[in-house]
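Have a look at the structure below, then the notes.
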There are 2 protein chains.
Amino acid sequence: MPEKESLKRNIHSELALFSNYLKRQGLKITNQRLLVAEKIFNETSHFTVDSLADSLKDRKGEISRATIYRIISLLIGSGQLTEHNFGENMKYYEHSHSSEHHDHIVCLDCRRIDEFVAPNIEKIQEKVAEENNYILTEHSLILYGNCKLLKEKGSCPRKNQDTGKF
Amino acid sequence: MPEKESLKRNIHSELALFSNYLKRQGLKITNQRLLVAEKIFNETSHFTVDSLADSLKDRKGEISRATIYRIISLLIGSGQLTEHNFGENMKYYEHSHSSEHHDHIVCLDCRRIDEFVAPNIEKIQEKVAEENNYILTEHSLILYGNCKLLKEKGSCPRKNQDTGKF
DNA sequence: TTTGATGCAAAACGTTTGCACGGCA
DNA sequence: TGCCGTGCAAACGTTTTGCATCAAA
């Protein structure tokens, strides 16, 4: 797929989407909201509130954590942000691109998070839900393991640049 | 399967297993450890530290939360307890019976948690891990939805004894 | 001008830990 | 007796909230 180009283009339409959402809800379009939303739409991977706050520090006039949390709620409400629980004490977030649904595989060595798509699993999930008399609305599938390549090298360089967290 | 009978029998062997584990580790066998372990082995479903603490209140001499947390760690260490993240801020636990591995389906109406077994999914997971160059060590699959039966009845009675979460 | 948004600090929440006391081995 | 386990309260890390101030509409 065409990478950089379509990414840039999407950020504008994502911001427009978000603005429309705010208007529709009778909410105000503020600098903070646009700034945080843009930052999030530019993220290429999974992030935490902590890492987001860090990456926003250089912006003129820091944005408070309280505000970041509140904006994250809004973006989840607008359907543009997805929340993940990777078994830690803090939440991870991911810009929900309109692309295909995916699940995650997490390396227990270095906390690297990879994505994969498994249409077969999705189908079976539907069947399972049906069998159990549930109407399926969402799911969370996380695989945990160790990257083979890292194993070969002994351990991962990222393992030691540890933030203390994942 | 034969229900009540085998359950009772298992609790004794589970307690023996736990005692042996403690001895092997050079740890002491205390009243609190036996009491909490027994309570957990008697649980038929998923529970939280909160619900566990509640159900232990009537025992002579309450057991402190700190101790409960510490005993839970031990039971996870002995392989007799499994920790789950169901997307809430608190952890759920489940006595890991030696029975077949299962995954969970959670009702967003009433927080009911059902279990299911899907060997096909397990197989695909192995394949996915292989394709991504991971050695799979564990996984978490949670389906979220609404029980059909509850839908038919309008809503679930349990829905209103809400804890405010989910 | 009006009302909602922000920043700050404090609270909330589940969980962990330091420490003095108590009980198993 | 020695040493580990316990209970208490305080600490912790993440997230939420009350409130006075600020800015979008």
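Naming: A, B, ... by sequence-line order, numbering from 1 per chain. The figures that follow rest on heavy atoms only: side chains count, while hydrogens, waters and symmetry mates do not.
- Taking 3.5 Å as the limit, the base of C:dT3 and the side chain of A:Lys28 contain a donor-acceptor pair of atoms between them.
- The aromatic rings of B:His46 and B:His104 sit perpendicular to each other, their planes meeting at more than 60°, with 30° as the lower class boundary.
- Distance, A:Lys23 NZ to C:dG4 P: 18 Å, rounded to whole Å.
- Here the P atom of nucleotide C:dT15 and the CG atom of B:Asn89 are 8 Å apart, to the nearest Å.
- Using a 4.5 Å cut-off between side-chain heavy atoms of Ile, Leu, Val, Met, Phe, Trp and Tyr, with links allowed through other members, B:Val117 and B:Ile113 fall into different hydrophobic clusters.
- Between A:His95 and A:Phe41, the angle of the ring planes lies from 30° to 60°, which puts this pair in the tilted group.
- Considering only side-chain N and O atoms, A:Gln32 lies nowhere under 4.0 angstrom from the phosphate OP1 or OP2 of D:dA23.
- If you measure from atom CG of B:Leu34 to atom P of D:dT6, you get 10 Å, rounded to the nearest angstrom.
- OP1 or OP2 of C:dT6 lies within a sub-4.0 Å distance of a side-chain N or O belonging to A:Arg33.
- Atom pair A:Arg65:CZ and C:dA10:P shows a separation of 17 Å (rounding to whole Å applied).
- Across B:Leu22 and B:Lys28, no two heavy atoms sit closer than the pair CD1-O, 3.9 Å.
- Rounded to whole Å, atom C1' of C:dA5 lies 12 Å from atom CD1 of A:Ile63.
- The stretch residues 66-77 of chain A touches DNA chain D through A:Ala66, A:Tyr69, A:Arg70, each having a heavy atom within less than 4.0 Å of the strand.
- From A:Asn146, atom CG reaches atom CZ of A:Arg112 across 13.0 Å, with rounding to the nearest 0.5 Å.
- Atom-to-atom, CD of B:Glu62 to P of D:dG5 comes out at 22 Å; the value is rounded to the nearest Å.
- Of the candidate nucleotides D:dC8, C:dA25, C:dT6, C:dT6 has the atom lying nearest to any side-chain atom of A:Thr30.
- Linking Ile, Leu, Val, Met, Phe, Trp and Tyr whenever their side-chain heavy atoms come within less than 4.5 Å leaves B:Val36 and B:Leu17 in two separate clusters.
- In the hydrophobic clustering, B:Ile121 connects to A:Ile105, A:Phe116, A:Ile121, A:Ile124, A:Val128, A:Tyr134, A:Leu136, A:Leu141, A:Leu143, B:Ile105, B:Phe116, B:Ile124, B:Val128, B:Tyr134, B:Leu136, B:Leu141, B:Leu143, either directly or through intervening members, whenever side-chain heavy atoms lie under 4.5 Å apart.
- Two end axes, each from the C1' atoms of five base pairs, can be drawn for the helix from C:dT1-D:dA25 to C:dA25-D:dT1; they diverge by 30°, to 10 degrees.
- Heavy-atom minimum distance, B:Tyr21 versus B:Gly77: OH-C, 3.5 Å.
- Residue B:Phe86 is tested with B:Tyr93, B:Tyr92, B:Tyr144 for a ring pair (Phe, Tyr, Trp, His ring centres under 6.0 Å); the sole match is B:Tyr92.
- Mapped onto DNA chain C by nearest heavy atom, B:Leu27 and B:Tyr93 fall at different nucleotides, with B:Tyr93 at the one closer to the 5' end.
- Rounded to an integer number of Å, the gap from B:Leu56 CG to D:dG7 P is 11 Å.
- The distance from atom CG of A:Asn31 to atom C1' of D:dA24 is 10 Å, rounded to the nearest whole Å.
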